[in-house]
There are 2 protein chains.
Amino acid sequence: MRSKPATIKDIARKLNLSVSTVSRGLHDHPSIGLTTRQKIKATAAELHYEPNQTAIFLQKGTTQTIGVIVPELSEAFFSTAVSAIEEIANKRNYTVLLAQSHDDEHLEKHLVEKMKNHRVDGLLVSVGKNTSSYEHFEKLKQYDIPLVFFDRIPIMPNIHYVGCNMETGTIEALNYLLKKGHRSIGLINGPSTLLASSERKEGYIKALTKNRLKFDPSLVVSCDLTEDGTQKALQELLANKRKPTAVVTFNDYVALYAIKYARELSLCINKDIEFVSYANLPLANYMQYAPVASVEQFPFLQGHKAADILLDLLSQKMRNQNQQTAYYKIIIESQLIERAGTNDQD
Amino acid sequence: MRSKPATIKDIARKLNLSVSTVSRGLHDHPSIGLTTRQKIKATAAELHYEPNQTAIFLQKGTTQTIGVIVPELSEAFFSTAVSAIEEIANKRNYTVLLAQSHDDEHLEKHLVEKMKNHRVDGLLVSVGKNTSSYEHFEKLKQYDIPLVFFDRIPIMPNIHYVGCNMETGTIEALNYLLKKGHRSIGLINGPSTLLASSERKEGYIKALTKNRLKFDPSLVVSCDLTEDGTQKALQELLANKRKPTAVVTFNDYVALYAIKYARELSLCINKDIEFVSYANLPLANYMQYAPVASVEQFPFLQGHKAADILLDLLSQKMRNQNQQTAYYKIIIESQLIERAGTNDQD
DNA sequence: TTAAATTACGCAAACGTTTGCGCGAGGCAT
DNA sequence: ATGCCTCGCGCAAACGTTTGCGTAATTTAA
């Protein structure tokens with residue numbers, strides 16, 4: 001058992017043919033005679049020959065790889081989106097080079113650099129929540145590497161992205177809570193660097209305006225999406241003169257942290273205070289006290305669309321259609337999901 | 001702004017030097033004069049030159065990449081292990097090519113093939129729960145690609161692996177439940193293709209034997225780790241003449257499904273029936289009814305160790321130490337974690 | 001002054017594949 | 001018999017980098 005895999009040269013040597021004949025024979029090129037092709041194939045099988053992708057990539061100037069950077073793979077949202085991306089990529093014979101930034105801007109920059117060095121053909125990114133500068137993304141344009149953002153989108157000009165309409169989702173959430181009788185509704189928002197945060201706030205304001213209610217800025221609080229940050233945010237809301245009877249949280253994890261803390265303060269969940277979240281993760285099905293509703297953001301669809309767009313950009317590039325100045329800005333409508341049989345305290 | 005990145009050839013042409021001089025200059029080779037080196041570096045910066053990793057990989061016959069295949073990234077256990085692997089890999093300047101098999105044997109085979117075609121230097125695998133044949137792993141030996149299993153380990157000869165001692169963890173779990181007064185304890189086990197399943201069963205039997213209790217095979221039930229399979233398994237246990245008052249579940253997800261179903265059957269959790277699980281995931285902190293204890297399996301440590309072993313094998317290989325016949329079989333001791341203040345029904 | 005040693009570069013091959021172009025042999029038409 | 005066409009192969013370059021070995025010029029020592 002030889003230590004090195006067989007190459008075309010080995011087959012050529014064994015059959016006393018040239019390397020180019022063997023390469024063509026393996027690819028069923030019509031200029032190679034049938035018997036010669038058959039001999040080549042048989043010898044390839046015998047030597048367990050497998051093409052070396054690195055050599056092919058060098059020769060073709062493409063790596064047939066797309067890079068994907070997400071903040072945290074353990075978040076079902078991101079791993080769902082990634083599963084969708086993998087599905088599309090597999091269908092189009094692309095490899096996915098996956099990395100997680102752990103919401104660390106420095107690591108995110110390093111990962112973008114590494115993706116560039118690996119000459120990924122294109123890149124899909126969900127930005128880290130703490131990322132506040134985007135030169136590392138700008139630099140990719142110099143290398144002509146197509147880039148599509150999804151879910152968490154930076155506030156940058158001239159970009160492709162797939163996102164969810166958080167504004168309308170927020171409006172639905174507010175309408176739902178207002179219909180339930182709530183008049184003082186808090187919002188635990190995310191970092192202001194995220195478009196998603198400003199969208200949520202916009203939706204919140206629009207919903208109040210539409211219902212002829214006054215917007216009280218002190219009921220909208222930012223947090224860093226950590227458990228500690230969430231506690232502080234809830235504390236701030238509960239200390240408000242207009243103590244909220246309902247809170248919309250940035251996502252299910254924030255809801256989970258907020259609910260846990262509310263219980264520690266001896267609040268009766270779904271009586272003293274109700275929660276609505278974003279993401280509608282399966283996690284909530286098993287939570288002790290789940291939010292009464294959640295805004296579905298269709299991560300699988302977002303991942304799917306982002307991958308589609310990227311591969312479309314790649315195929316345009318291959319066809320040398322550099323006249324692309326239009327930017328994809330896909331917004332998927334969100335959907336408020338009311339939880340059936342929200343847990344009451346027994 | 002040129003569409004293609006600059007290469008060493010461009011620098012060479014611009015400075016009227018040879019390609020080899022430029023390559024050596026970029027690497028501070030002592031045979032290149034200082035002024036020449038400085039000129040080369042300045043021109044490289046000016047042209048935004050960045051080395052092409054594909055070319056380097058071809059020339060060096062290594063990809064500086066390790067492949068990692070796990071069943072499901074959304075499981076915190078696997079994503080934690082992957083974070084540990086990434087940490088080690090980054091330190092040693094390796095890229096991680098990550099893929100998820102979704103417990104699908106066919107997809108797992110395809111991913112192994114793709115990893116091989118990409119000439120990953122080594123591979124880390126946590127086997128899919130439904131994988132029942134392992135030729136796809138055997139074939140890697142032909143290509144001299146080092147392979148280390150972690151967490152879910154196939155029953156195969158001559159392999160490297162890092163696992164957790166499920167036997168002693170199971171014994172601790174049984175001891176804990178026996179000490180609490182339970183005498184009829186069920187076990188919802190996993191697929192029999194997994195070593196982890198037989199280890200759990202062995203631990204279960206040994207614990208009973210050590211406590212001079214009879215082993216009743218009908219109290220050990222296999223399931224496929226799905227929600228549906230878990231329901232059936234619990235049903236079977238509850239229909240037992242010796243209806244268990246405690247159940248040890250294969251992992252936290254199985255516990256979650258089992259508890260949900262038990263509640264549907266109007267059983268009082270932690271009164272009529274208690275659960276102990278494996279994995280000790282953070283998820284359980286937010287569960288409505290969490291298992292009273294869980295066996296910690298240290299996924300970060302497992303990932304860390306698996307990556308260490310693989311990189312050690314790779315560096316032995318680079319030093320041409322083919323005399324390796326010893327196989328790494330690392331077992332990390334598990335640890336039963338009793339949950340503080342297990343939820344009582346209020 | 002001459003020979004030997006050292007310095008600073010360049011040539012060419014290699015890694016493994018693809019592919020444009022060319023050539024020799026055989027077949028067919030005139 | 002000769003010229004043209006087609007078939008079936010091979011040569012060589014290329015992709016972008018690294019590196020073994022060689023050479024010319026300069027410096028140093030005898």
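Heavy-atom basis, side chains included; hydrogens, waters and symmetry copies ignored. Chain letters run A, B, ... following the sequence lines, proteins first, then strands; residues in each count from 1.
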Describe the nucleic acid contact of [X] in one word from base, sugar-phosphate, nothing, applying a heavy-atom distance below 4.0 Å.
X: B/Q53; answer: nothing
X: B/G61; answer: nothing
X: A/I56; answer: sugar-phosphate

Ranking C/dT17, D/dT17, C/dG10 by distance to the side chain of B/T21, first place goes to C/dG10

Below 4.0 angstrom from OP1 or OP2 of [N], is there any side-chain N or O of [X]?
X: B/K60; N: D/dT19; value: yes
X: B/K9; N: D/dC15; value: yes
X: A/S18; N: D/dC11; value: no
X: B/H29; N: D/dT19; value: no
X: B/S31; N: C/dA8; value: no

Euclidean distance, atom [atom1] of residue [X] to atom [atom2] of [N] [Å, nearest integer]:
X: A/H27; N: C/dG20; atom1: NE2; atom2: P; result: 13 Å
X: B/Q59; N: D/dT17; atom1: CD; atom2: P; result: 11 Å
X: B/F57; N: C/dA14; atom1: CZ; atom2: C1'; result: 18 Å
X: B/L47; N: D/dG16; atom1: CG; atom2: P; result: 14 Å
X: A/L26; N: C/dT19; atom1: CG; atom2: P; result: 13 Å
X: A/N16; N: D/dC11; atom1: CG; atom2: P; result: 10 Å
X: B/Y49; N: D/dT18; atom1: OH; atom2: C1'; result: 10 Å
X: B/R119; N: C/dG16; atom1: CZ; atom2: C1'; result: 9 Å

Describe, as an angle rounded to 10 degrees, how the axis at the first end of the helix from C/dT1-D/dA30 to C/dT30-D/dA1 is tilted relative to the axis at the last end, five pairs per end.
70°

Ignoring hydrogens, what is the shortest heavy-atom contact between [X] and [Y]? Give both atom names and the distance.
X: A/S101; Y: A/I69; value: CB-CG2, 4.2 Å
X: B/L140; Y: B/L147; value: CD1-CD2, 4.0 Å
X: A/A44; Y: A/L26; value: CB-CD2, 3.8 Å

A side-chain contact here means heavy atoms from C-beta on lying under 4.5 Å apart; do B/I88 and B/L310 qualify?
no

Is A/L73 close to A/L98 at the side-chain level, that is, under 4.5 Å between some pair of heavy atoms?
yes

Students often mix this up, so state it plainly: with edges at 30° and 60°, are the rings of A/H160 and A/Y327 parallel, tilted or perpendicular?
tilted

Distance-only side-chain donor-acceptor flag, A/S74 / A/E72, under 3.5 Å
no

If you measure only the distance, is there a donor-acceptor pair under 3.5 Å linking the side chains of A/Q316 and A/D312?
yes

OG1 (B/T21) and CD1 (B/I32) are apart, to the nearest 0.5 Å, by 4.5 Å

Can you find an N or O donor on one side and an acceptor on the other, under 3.5 Å apart, linking the side chain of A/R24 with the base of D/dG10?
yes

So, does the side chain of A/S20 form a donor-acceptor pair with the base of D/dC11 at under 3.5 Å?
yes

Contact list for DNA chain C against residues 36-44 of chain A - heavy-atom distance below 4.0 Å
none

Under the ring-ring contact (aromatic ring centres under 6.0 Å, His included) test, residues paired with B/F57 that sit two or more places apart:
A/H118

Whichever of B/A55 and B/V22 has its nearest DNA chain C nucleotide further upstream toward 5'
B/V22

